[in-house]
Amino acid sequence: MLIKRQPNGIDLPFSSEITPRAVFESRRSFIRQIALGSIAGSALLEMATREAFAASGAQKLTAKANSSYVVLDKQTPYQDATTYNNFYEFGTDKSSPARNAGAMKTRPWTVSIEGEVKKPMTLDIDALLKLAPLEERIYRLRCVEGWSMVIPWIGYSLSELIKKVEPTSNAKYVQFVTVEDKQTMNGLRYPVLDWPYTEGLRIDEANHPLTLLTLGMYGEVLPNQNGAPVRIIVPWKYGFKSAKSIVKIRFVKEQPATAWNLAAPKEYGFYSNVNPQVDHPRWSQASERRIGEDGFFTKKRPTLMFNGYSQVASLYSGMDLRKYF
Ligand SMILES: Nc1nc2c(c(=O)[nH]1)N[C@H]1C(S)=C(S)[C@@H](COP(=O)(O)O)O[C@H]1N2
Ligand SMILES: [Mo]
């Protein structure tokens with residue numbers, strides 16, 4: 001996302017500061033090979049991705065396709081979905097997460113569920129993997145910056161988890177708090193956002209069956225740069241609502257603070273539903289570019305209301321979506 005407070009003039013750390021030794025050593029040998037000209041430059045990014053995958057111990061995840069949640073658009077190539085990312089904790093360039101996120105340790109990992117619930121609990125990733133049957137769902141994800149992807153995610157409706165913790169009648173909103181690991185996340189040094197990255201939904205949005213507690217993509221566990229080991233995908237909202245690498249889910253009475261809304265409240269509203277009729281103050285939201293498919297010179301494709309997920313419209317009946325952007 002375009003940021004106002006650019007971390008200008010500050011050098012990023014050397015990768016050796018933030019990378020486990022084995023990964024660093026193997027990278028050094030790659031670099032030596034590149035210097036010798038034995039590896040083509042175009043293969044570089046692909047290797048960075050595989051390296052990140054190896055470090056996270058990528059494992060296959062089997063899931064049954066849920067045909068009610070499959071868009072017919074062409075799927076984004078895996079290579080694009082895992083090398084063009086927003087994950088500011090690892091740097092603000094699209095290529096930074098693929099390069100840097102491999103250092104993040106995703107096991108052991110727990111998610112604590114707290115606040116206005118009758119049964120607060122702390123679940124580890126194995127418990128989350130077993131909580132409900134895993135489904136594959138092919139969703140569009142539209143970034144507020146004007147690009148989109150089509151990704152086969154693996155997970156189950158967040159409502160399955162919400163049922164288990166039994167929210168009280170005071171639970172009007174849900175806040176997602178993500179990991180803040182100073183050891184591996186070099187981006188945390190820069191005050192681009194108020195860390196940790198937080199997001200939130202109204203309880204009925206969180207309970208909508210489309211809202212996916214996400215543990216994998218493309219038949220495997222999530223790559224680190226895509227938000228391992230667990231994230232949320234809210235496909236009718238701009239991509240920044242889909243918080244990565246979640247460690248805490250809080251049920252609260254009042255609308256919670258969210259990172260992008262705190263950073264620029266006039267630009268990023270709490271709701272942030274995809275809406276081609278409501279422009280960002282600095283650019284139009286009427287159209288988008290599909291990553292891996294549309295070139296920079298291709299005519300952009302029209303953006304759809306609620307990103308095409310018209311089944312959520314009833315959540316907002318009677319609301320002025322220009323005011324509640
Ligand atoms: N923790 C965290 N979650 C995040 C972000 C981030 O910077 N940090 N970026 C968001 C934005 S702006 C987008 S568009 C999506 C991108 O998800 P992807 O890289 O898997 O396509 O992640 C969202 N989740
Ligand atoms: Mo985004």
Side-chain angles (χ1 to χ4, degrees), residues 1-7 10 12-13 17-18 52 56 85-93 96-117 120-125 128 143-144 158 161 165 173-202 205-206 211 213-215 222-234 237-265 267-270 272:
M1 162 170 343
L2 301 184
I3 50 169
K4 282 180 159 171
R5 285 173 283 162
Q6 291 277 7
I10 308 167
L12 287 167
E17 280 178 66
I18 53 156
S56 75
N85 302 99
N86 274 335
F87 199 159
Y88 275 18
E89 292 89 326
F90 291 107
T92 54
D93 288 351
S96 296
R99 252 183 293 114
N100 301 330
M104 177 170 62
K105 218 176 141 214
T106 58
R107 268 176 192 266
W109 188 286
T110 57
V111 178
S112 69
I113 302 141
E114 51 188 61
E116 292 290 346
V117 290
M121 46 183 86
T122 298
L123 298 171
D124 67 13
I125 286 304
L128 283 171
C143 177
V144 76
L158 177 64
L161 174 64
V165 296
Y173 294 88
V174 184
Q175 185 183 40
F176 304 96
V177 181
T178 73
V179 74
E180 184 179 18
D181 177 17
K182 295 198 175 72
Q183 294 296 308
T184 61
M185 297 175 139
N186 51 322
L188 296 176
R189 303 176 187 194
Y190 312 109
V192 182
L193 295 169
D194 282 310
W195 312 112
Y197 190 103
T198 48
E199 257 310 331
L201 295 170
R202 216 170 54 190
E205 298 177 317
T211 302
L213 190 88
T214 306
L215 296 147
L222 284 172
N224 287 9
Q225 61 268 41
N226 293 89
V230 57
R231 72 179 298 182
I232 207 79
I233 297 290
V234 194
K237 292 177 179 282
Y238 290 117
F240 66 87
K241 299 294 292 181
S242 294
K244 296 176 170 180
S245 305
I246 292 167
V247 292
K248 198 179 286 183
I249 303 178
R250 298 174 57 226
F251 289 77
V252 293
K253 273 189 221 169
E254 311 286 341
Q255 184 178 300
T258 62
W260 278 104
N261 183 249
L262 283 174
E267 304 194 358
Y268 309 108
F270 176 79
S272 285

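Thr122 has its side chain out of reach of Val111: every pair of non-hydrogen atoms, C-beta onward, lies at least 4.5 Å apart. By the 4.5 Å heavy-atom criterion applied to side chains, Leu128 and Leu213 are counted as neighbours. Between Met185 and Met104, the closest side-chain pair of non-hydrogen atoms falls below 4.5 Å.
With sequence neighbours excluded, the residues satisfying side chain to side chain contact (heavy atoms under 4.5 Å, CB included) with Glu114 are Ser112, Lys248, Arg250. Remark: Tyr238 engages no residue in a ring pair (Phe, Tyr, Trp, His ring centres under 6.0 Å) (not counting sequence neighbours). For Phe87, the ring pair (Phe, Tyr, Trp, His ring centres under 6.0 Å) partners at least two apart in sequence or on another chain are Phe90. For Asp124, there are no side-chain hydrogen bond (donor to acceptor under 3.5 Å, both in side chains) partners, not counting sequence neighbours. For the side-chain hydrogen bond (donor to acceptor under 3.5 Å, both in side chains) test, residues two or more places apart in sequence or in another chain that qualify with Arg202 are Asp204, Tyr271. Not counting sequence neighbours, the partners of Lys253 by the side chain to side chain contact (heavy atoms under 4.5 Å, CB included) test are Glu116, Asn170. Applying the side-chain hydrogen bond (donor to acceptor under 3.5 Å, both in side chains) rule to Lys241 yields the partners Glu199; only residues at least two apart in sequence or on another chain are considered.
The main-chain N or O of Val230 is never found under 3.5 Å from a side-chain atom of Lys244 such that the two would form a donor-acceptor pair. Checked by atom type and distance alone, the side chain of Trp195 pairs as donor or acceptor with a backbone atom of Tyr190 at under 3.5 Å. Checked by atom type and distance alone, the side chain of Gln175 pairs as donor or acceptor with a backbone atom of Ala257 at under 3.5 Å. Within the 3.5 Å criterion, the main-chain N or O of Ala259 finds a donor-acceptor partner in the side chain of Thr198. A side-chain donor-acceptor contact under 3.5 Å links Trp109 to the backbone of Ile246. Under the 3.5 Å distance criterion, the side-chain polar atoms of Ser245 are matched with a main-chain donor or acceptor of Ala228.
Applying ring-ring contact (aromatic ring centres under 6.0 Å, His included) to Phe240 and the options Tyr268, Phe270, Phe176, Tyr197 leaves one that passes, Tyr268.
Taken to the nearest 0.5 Å, the CD1 atom of Ile232 stands 8.0 Å off from the OG atom of Ser242. Atom CG of Asp194 is separated from atom CG of Asn261 by 11.0 Å, given to the nearest 0.5 angstrom. Expressed to the nearest 0.5 Å, how far CD of Gln183 lies from NZ of Lys105 amounts to 11.0 Å. Atom CD1 of Ile125 sits about 8.0 Å away from atom OG1 of Thr106, to the nearest 0.5 Å. Residue Leu161 holds its CG atom at 4.5 Å from CD1 of Ile113, rounded to the nearest 0.5 Å. We find the CG-CG distance between Leu262 and Leu193 to be 9.0 Å, quoted to the nearest 0.5 Å.
Closest approach of Pro97 to Asn86, counting heavy atoms only: CG-C, 4.5 Å. Shortest non-hydrogen contact noted between Pro256 and Val174 is CG-O, 4.0 Å. A pairwise comparison of heavy atoms in Glu254 and Val252 identifies O-CG2, 3.3 Å as the closest pair. The shortest non-hydrogen separation linking Glu89 to Thr178 is OE2-OG1, 3.6 Å. The shortest heavy-atom contact between Ala98 and Gln225 is N-CB, 3.8 Å.
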Query raised in the report: Would Asn226 and Asn85 satisfy side-chain contact (heavy atoms from CB on, under 4.5 Å), going step by step from the backbone distance to the final call?
Result: CA-CA 7 Å; Asn226 293 89; Asn85 302 99; 3.2 Å; yes
Query raised in the report: Can Leu201 and Thr211 be said to form a side-chain contact (heavy atoms from CB on, under 4.5 Å), step by step?
Result: CA-CA 10 Å; Leu201 295 170; Thr211 302; 4.0 Å; yes
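Here Lys237 pairs with Glu205 in a salt bridge; the nearest charged N to carboxylate O distance falls below 4.0 Å.
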